[in-house]
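Have a look at the structure below, then the notes.
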Amino acid sequence: MPSLMIHRNDTVKVLAGTDRGKTGRVLRVFPDKGTVLVEHVRVVKKTVSSKRGQRTKGGIAEQESPISVSNVVLVCPSCGDARVGHRVEGDTRLRICKKCGQELPTKK
Ligand SMILES: [Zn+2]
């Protein structure tokens, strides 16, 4: 299985769907499903009902839903939408922007 180009804490731009054009930080990656969870993207409102006998308030909670990695693109810090390529240096495979050649570091 090919490894995903998108890592956690990457900044990505959404290409499709209702949140098209939005950028956000990757919160989680699901490599087996090929989906990512992006902050503030595809937020669904969930109704939270108050439970009897509990002091929790019912209301509406907002939560992100995963979207397909094919619908997002990595954002290059210098030129915008990155076309991601790889460059191998020793044992490490660096992600680079194919447009400007800048390395796209993996944030921890
Ligand atoms: Zn670039």
Side-chain angles (χ1 to χ4, degrees):
M1 185 168 51
S3 64
L4 297 182
M5 297 264 199
I6 312 274
H7 300 166
R8 197 169 159 248
N9 286 337
D10 281 345
T11 303
V12 294
K13 185 175 166 184
V14 181
L15 300 176
T18 48
D19 290 312
R20 187 152 57 119
K22 269 194 192 176
T23 54
R25 192 166 58 91
V26 175
L27 302 174
R28 279 191 75 178
V29 180
F30 305 94
D32 48 333
K33 289 183 189 144
T35 56
V36 287
L37 199 65
V38 186
E39 195 174 32
H40 304 313
V41 168
R42 201 163 153 195
V43 173
V44 288
K45 289 184 167 67
K46 286 186 175 173
T47 311
V48 182
S49 57
S50 56
K51 287 183 184 121
R52 199 183 288 263
Q54 285 185 9
R55 284 188 151 261
T56 49
K57 258 174 119 182
I60 292 173
E62 296 196 339
Q63 200 178 24
E64 287 93 355
S65 318
I67 58 171
S68 171
V69 286
S70 56
N71 288 339
V72 297
V73 69
L74 263 177
V75 173
C76 170
S78 38
C79 67
D81 303 356
R83 300 234 4 238
V84 182
H86 284 109
R87 194 176 65 213
V88 179
E89 279 186 10
D91 290 339
T92 43
R93 211 159 67 121
L94 301 173
R95 296 183 304 172
I96 54 159
C97 170
K98 278 189 189 170
K99 273 195 224 166
C100 65
Q102 179 169 326
E103 189 186 322
L104 301 167
T106 307
K107 292 170 216 155
K108 286 280 169 357

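The basis for the numbers below is simple: all heavy atoms, side chains too, and nothing from hydrogens, waters or symmetry mates. Counting starts at 1 for both ligands and their atoms, in listed order. For this chain, numbers begin at 1 and follow the sequence in order.
For a distance threshold of 2.8 Å, the protein N, O or S atoms nearer than that to the Zn ion (ligand 1), listed by chain and number, are C76 SG, C79 SG, C97 SG, C100 SG.
Contacts of K98 classified as side chain to side chain donor-acceptor pair (under 3.5 Å), with partners at least two apart in sequence or in another chain: none.
Counting only heavy atoms from C-beta outward, the side chains of S78 and C97 never approach each other to under 4.5 Å.
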Can L74 and R95 be said to form a side chain to side chain contact (heavy atoms under 4.5 Å, CB included), step by step? CA-CA 10 Å; L74 263 177; R95 296 183 304 172; 3.5 Å; yes

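Both M5 and V26 sit in one connected hydrophobic cluster of ILVMFWY residues. Membership requires side-chain heavy atoms under 4.5 Å apart, directly or through other members. Under the 4.5 Å side-chain heavy-atom criterion for Ile, Leu, Val, Met, Phe, Trp and Tyr, V73 and V36 are members of distinct hydrophobic clusters. Linking Ile, Leu, Val, Met, Phe, Trp and Tyr residues whenever their side-chain heavy atoms come within less than 4.5 Å places V14 and V84 in a single cluster.
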